[in-house]
Peer 1: 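Take a look at the following structure, please.
FYI, side chains are in, hydrogens and waters are out, and symmetry mates aren't considered; it's all heavy atoms of this structure. Starting from 1, each residue takes its place in the sequence as its number. What you see is a predicted model; the values in this text were computed from it and never measured.
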Amino acid sequence: MWRHFPFSHFNTRSLLVTALPLSASLSSPNTVRSMSSSSSTATMHSPPVAKKVEHKMEMFGDVRVDNYYWLRDDSRTNPEVLSYLQQENAYTDSVMSGTKQFEDQLFKEIRGRIKEDDISAPYRKGPYYYYTRNLEGKEYVQHCRRLIPNYNTTPCSVHDTMPTGPDDPPEHVILDENVKAQEHRFYSIQAFKVSPNHKLVACAEDTKGDEIYSVHVIDAETGAPVGKPLTSVTSHVEWANDDTLVYITMDEILRPDKVWLHKLGTDQSSDICLYHEKDDTFSIGLQKSESQKFLFVGSESKITSFIFFIDASKPEDGLKVLTPCVVGIDNRASHRGNHFFIIRRSEEFFNSELVACPVDDVSVTTVLIPHRERIKIQDTHLFANHLAVYERENGLPKVTVYRLPAVDEPLTSLEDGRAIDFIDPVYTVDPAGSEFNSSVLRFSYSSLRTPNSVYDYDMNTGTSVVKKIETVLGGFDASEYFTERKWATASDGTQVPMSIVYRKNLVNLDGSDPLLLYGYGSYEVCIDPWFKASRLSILDRGFIFAIAHIRGGGEMGRQWYENGKCLKKKNTFTDFIACAEYLIEQRYCSKEKLCIEGRSAGGLLMGSVLNMRPDLFKVAFAGVPFVDALTTMLDPTIPLTTSEWEEWGDPRKEEFYHYMKSYSPVDNVKAQNYPHILVTAGLHDPRVMYSEPAKFVAKLRETKTDNNILLLKCEFGAGHSSKSGRFEKLQEQAFIYAFILKALDMIPELSSSL
């Protein structure tokens, strides 16, 4: 996701790269394959009925009965549970069999927009250009590099271009994921770290989808393995120097809790533990400074974080305290010259301030950017002579660049900064790889109608040069699409922003258009409007697409998040309902054309609003939804529970118990009519156990009073982010779109009888 905190690895029910709608493209996370592929021809007219086994849970005098508790099997091997999930997959295939031809056409259409043989924008790192390459027909990328001609005499510039002629240095493939993936049903590399001397690479790979990684060190030239892999680790790994790695392991509930020092050539069992976080509400993270001089180890809960630093040249000296642990104070660090730069947030300075402190006296701080109530400091990117600050104001991201004084001069304040201008009314902008000793800032930019674009920005002159624009085949023309920001009024009067896009010549804006509304609203995650080529398949069929930037997210600053968590969590749901009602009132759509979607914690949103206002929606997609919130948050043996009591509340306390019970989707399924619903799960999902969506569907089947479609699709060879291959993900998108269009009776020349 994709939380904005740099240290987070596995401490939210958000998606890793982004909680992105219908794409599962925020990546990361072998057993048997889903039975759906082998049972698609089965005739199954009636949905499976899960057996009922009474399981009573009593707390504070309140008794809950969960008849489907038996569906939880932590080993994922119980034959009866697997058989039930296979029956659900077979039923899903049976219901969707009449639209399989359309789904395949849709997949071909979506895939047809992709330039399959393409490379990422090369970035300079030391004497090389590094980039990834996609090959036609291949699911995974190659990690490549080329030598920079005359590296020592060719400074980094926004006009720099990687030479690819016959007389230029040749491309070298460091690692081909397609070769590695042949051995596995699931394959994901979450970290690809090049050693300081560029001779070795450390790769963190997941071959199951459970986000438990192995780190393999390979020779960058030959690809040969160097030593044995580090096993049962997180994807947080960094080079301290050319022969030393720092990495993180997890405890039995998959909480990152220990930091280790590993010397190449030695056995993992002899590695040195640098720090053990014993508080189970905290998780450990790791990152290297842009200067490459220090490593930062952060321990964070949802409201507090503190930081240690490691001198990369002397990692054996261990950790030193940069910021102490003070409850309610959150810190993020970077380094340049003689100073550490710290983004510091507190209850008083809720949108953060930027301070600096001398490396040799971290107790003395100087405020560089003070706290502002309407502008949130999101992130920083440090350079030898510049500072780029990523901020948020009025729901939109912004980037401001400052020139820094010489390293040997006092650092007491910042000169006036220069803001970078962006062209769309709503958009997303994110930092990308940049060379520390340069004046070139690289960032990625996109909007609901602008394909992802990589820019190099000269911080001295203010010149921007586009380095790559995502190729969209099939005659795409951005000018045919209209994007805008609208504001809905929540039940308490709060103005809630929405981002909207549609194709201008295909919508009527008279209430007759179909609309897909996406929401998330948790963990302070900002769901900024971004481009997705596959979304064109619904926009070009007359859909309007909208994102509700509801409370619980971070789009409007820290208070926006605080007002959508714990005992204010219901604001997230009522905000979403208010956005839906606004879209209907303003004739963007009608109840009969309103579709909704959310994944993970956004799936909790889906379950809650479906229970609260099922009459408002026609179709709902809930991807890997966190729908059994109360039962999960009462069980500290389940991954994420202890670290998320500060997000949702601790239901072992009576006030939180009753509040959480009042919205937890599984606990609030009622005998009422529900829309058409598609629910997905991943058998190896470590963030939202597969049993949560399975129980939700089973209880809906038992309780609801309508005849609308209700489907569960469980991927047996995947985790939280579904399948790992790029085309496999597109196939899933085609399936989801086919379901939505079927429910709306919009599939041409095919029977869409429900």
Side-chain angles (χ1 to χ4, degrees), residues 1-6 8 14-15 17-21 25-26 332 334 343 345 350-354 369 371-382 386-402 417-434 441-457 459 462 464 466 469-470 483-487 495-501 518-532 546-561 564:
M1 75 86 244
W2 171 74
R3 278 185 83 209
H4 71 280
F5 291 107
S8 300
S14 62
L15 300 181
V17 175
T18 304
L20 300 183
S25 65
L26 295 170
R332 288 167 282 160
S334 51
I343 300 175
R345 182 199 56 75
F350 50 84
N351 274 335
S352 300
E353 59 181 349
L354 179 66
I369 301 178
H371 172 261
R372 295 151 296 173
E373 290 195 2
R374 299 182 62 84
I375 302 176
K376 172 186 172 183
I377 299 176
Q378 188 92 359
D379 202 356
T380 61
H381 198 131
L382 265 173
H386 296 88
L387 167 68
V389 181
Y390 290 79
E391 300 169 314
R392 302 196 65 86
E393 183 176 15
N394 201 31
L396 293 174
K398 55 186 292 189
V399 184
T400 305
V401 173
Y402 300 87
R418 174 191 283 139
I420 301 176
D421 294 325
F422 302 107
I423 58 175
D424 291 290
V426 290
Y427 56 87
T428 182
V429 58
D430 293 299
S434 302
L441 170 69
R442 173 165 289 190
F443 60 85
S444 63
Y445 172 88
S446 74
S447 76
L448 293 170
R449 65 179 180 187
T450 305
N452 188 59
S453 309
V454 177
Y455 285 87
D456 279 353
Y457 177 82
M459 293 181 285
S464 288
V466 63
I469 300 176
E470 175 188 350
T483 182
E484 61 183 339
R485 169 141 291 178
K486 292 293 183 179
W487 300 79
Q495 294 296 295
V496 182
M498 289 180 290
S499 300
I500 298 173
V501 65
Y518 172 77
Y520 188 74
S522 292
Y523 302 114
E524 205 175 359
V525 167
C526 301
I527 305 295
D528 286 320
W530 80 106
F531 184 84
K532 193 68 181 174
I547 303 170
H549 303 289
I550 49 186
R551 281 176 283 185
E555 291 92 336
M556 298 289 288
R558 178 72 182 190
Q559 294 297 89
W560 198 249
Y561 165 60

Peer 1: Let me confirm one number: the CD1-OG distance from I469 to S446, rounded to the nearest 0.5 Å.
Peer 2: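 Taking CD1 in I469 and OG in S446, the distance rounds to 11.5 Å.
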
Peer 1: Under the rule for side chain to side chain contact (heavy atoms under 4.5 Å, CB included), what residues qualify as partners of R372, not counting sequence neighbours?
Peer 2: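 Listed in chain order: I369, I375, I377, E391.
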
Peer 1: Identify, with sequence neighbours excluded, every residue that meets side chain to side chain donor-acceptor pair (under 3.5 Å) alongside Q559.
Peer 2: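 Here no residue qualifies.
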
Peer 1: Return the set of residues passing ring pair (Phe, Tyr, Trp, His ring centres under 6.0 Å) with H371 (not counting sequence neighbours), or none when no residue passes.
Peer 2: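 If we apply the ring pair (Phe, Tyr, Trp, His ring centres under 6.0 Å) test to H371, skipping adjacent residues, the hits are F349, F350.
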
Peer 1: F443 versus P431: any side-chain heavy-atom pair under 4.5 Å?
Peer 2: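 No, side chains not in contact.
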
Peer 1: Tell me, do T483 and S499 make a side-chain contact under 4.5 Å, heavy atoms counted?
Peer 2: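 Counting from C-beta outward, T483 and S499 never come under 4.5 Å.
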
Peer 1: For H381, which residues count as a side chain to side chain donor-acceptor pair (under 3.5 Å) partner, sequence neighbours excluded?
Peer 2: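 Expected list: none.
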
Peer 1: Report the C-alpha distance between I420 and L441 in whole Å, list the side-chain angles of each, state the deciding distance to 0.1 Å, and finish with yes or no for side chain to side chain contact (heavy atoms under 4.5 Å, CB included).
Peer 2: CA-CA 11 Å; I420 301 176; L441 170 69; 4.0 Å; yes

Peer 1: Got a sec, which residues hit side chain to side chain donor-acceptor pair (under 3.5 Å) with S434, two or more places apart in sequence or on another chain?
Peer 2: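 Not a single residue meets the side chain to side chain donor-acceptor pair (under 3.5 Å) criterion with S434.
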
Peer 1: Please report the closest heavy-atom contact between S453 and P451, naming both atoms and the distance.
Peer 2: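 That would be OG-O, 2.8 Å.
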
Peer 1: Is any side-chain heavy atom of V501 less than 4.5 Å from a side-chain heavy atom of F531?
Peer 2: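 A side-chain contact is absent here, since even the closest heavy-atom pair is not under 4.5 Å.
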
Peer 1: E484: what forms a side chain to side chain contact (heavy atoms under 4.5 Å, CB included) with it, not counting sequence neighbours?
Peer 2: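 E484: side chain to side chain contact (heavy atoms under 4.5 Å, CB included) contacts with F482, K486, I500, Y502, Y588.
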
Peer 1: Using salt bridge (Lys or Arg N to Asp or Glu O under 4.0 Å) as the criterion, list what pairs up with R485, not counting sequence neighbours.
Peer 2: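 Expected list: none.
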
Peer 1: Which residues pass the ring pair (Phe, Tyr, Trp, His ring centres under 6.0 Å) test with Y427, sequence neighbours left out?
Peer 2: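 Partners of Y427 under the ring pair (Phe, Tyr, Trp, His ring centres under 6.0 Å) test: F422, Y445.
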
Peer 1: Could you please spell out the steps behind the side chain to side chain contact (heavy atoms under 4.5 Å, CB included) verdict for Y561 and K376?
Peer 2: CA-CA 12 Å; Y561 165 60; K376 172 186 172 183; over 6 Å; no

Peer 1: What residues, two or more places apart in sequence or in another chain, satisfy side chain to side chain donor-acceptor pair (under 3.5 Å) together with E353?
Peer 2: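 Checked E353 against side chain to side chain donor-acceptor pair (under 3.5 Å); matches are R344.
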
Peer 1: Do R392 and W560 touch side chain to side chain, with heavy atoms closer than 4.5 Å?
Peer 2: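 R392 does not reach W560 side chain to side chain.
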
Peer 1: Could E524 and R558 be called an ion pair, given the rule that one side-chain N must be under 4.0 Å from one carboxylate O?
Peer 2: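 Judged by the 4.0 Å cut-off on N to carboxylate O distance, E524 and R558 do form a salt bridge.
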
Peer 1: Between N394 and M556, does a side chain to side chain contact (heavy atoms under 4.5 Å, CB included) hold up when you go through it step by step?
Peer 2: CA-CA 6 Å; N394 201 31; M556 298 289 288; 4.2 Å; yes

Peer 1: So, the side chain of R551 versus the backbone of V496: is there a donor-acceptor pair under 3.5 Å, distance only?
Peer 2: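 Side chain of R551 to backbone of V496, a donor-acceptor pair under 3.5 Å: no, none is there.
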
Peer 1: If I compare all heavy atoms of P397 with all of T428, which pair ends up nearest, and what's the gap?
Peer 2: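 Shortest heavy-atom separation between P397 and T428 comes out as CG-CA, 4.4 Å.
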
Peer 1: Check whether any side-chain heavy atom of S352 sits under 4.5 Å from a side-chain heavy atom of R332, and report yes or no.
Peer 2: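 Contact flag for S352/R332 side chains = yes.
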
Peer 1: Roughly how far, to the nearest 0.5 Å, is CG of D421 from OG of S464?
Peer 2: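 Separation between the atoms: 9.0 Å.
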
Peer 1: What is the distance from atom CD1 of I547 to atom OH of Y520, rounded to the nearest 0.5 Å?
Peer 2: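 Spacing of CD1 (I547) from OH (Y520) equals 14.0 Å.
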
Peer 1: Hey, are the side chains of L387 and L354 touching, using non-hydrogen atoms and a 4.5 Å cut-off?
Peer 2: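 A side-chain contact under 4.5 Å exists here.
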
Peer 1: Between R449 and P425, what is the shortest heavy-atom contact and its length?
Peer 2: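 Heavy atoms of R449 and P425 come nearest at NH2-CD, 4.4 Å.
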
Peer 1: Rounded at 0.5 Å granularity, tell me how far NZ in K398 sits from CD in E393.
Peer 2: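 Result: 4.5 Å between the selected atoms.
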
Peer 1: Under the 3.5 angstrom rule, does the side chain of H549 hit a backbone N or O of D528 as a donor-acceptor pair?
Peer 2: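 Judged by distance alone, no pair lies under 3.5 Å.
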
Peer 1: Give, for atom NZ of K532 and atom CD of E470, the distance between the pair rounded to the nearest 0.5 Å.
Peer 2: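 Answer rounded to 0.5 Å: 7.5 Å.
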
Peer 1: Apply side chain to side chain contact (heavy atoms under 4.5 Å, CB included) to V429 and Y455, showing your working.
Peer 2: CA-CA 10 Å; V429 58; Y455 285 87; over 6 Å; no

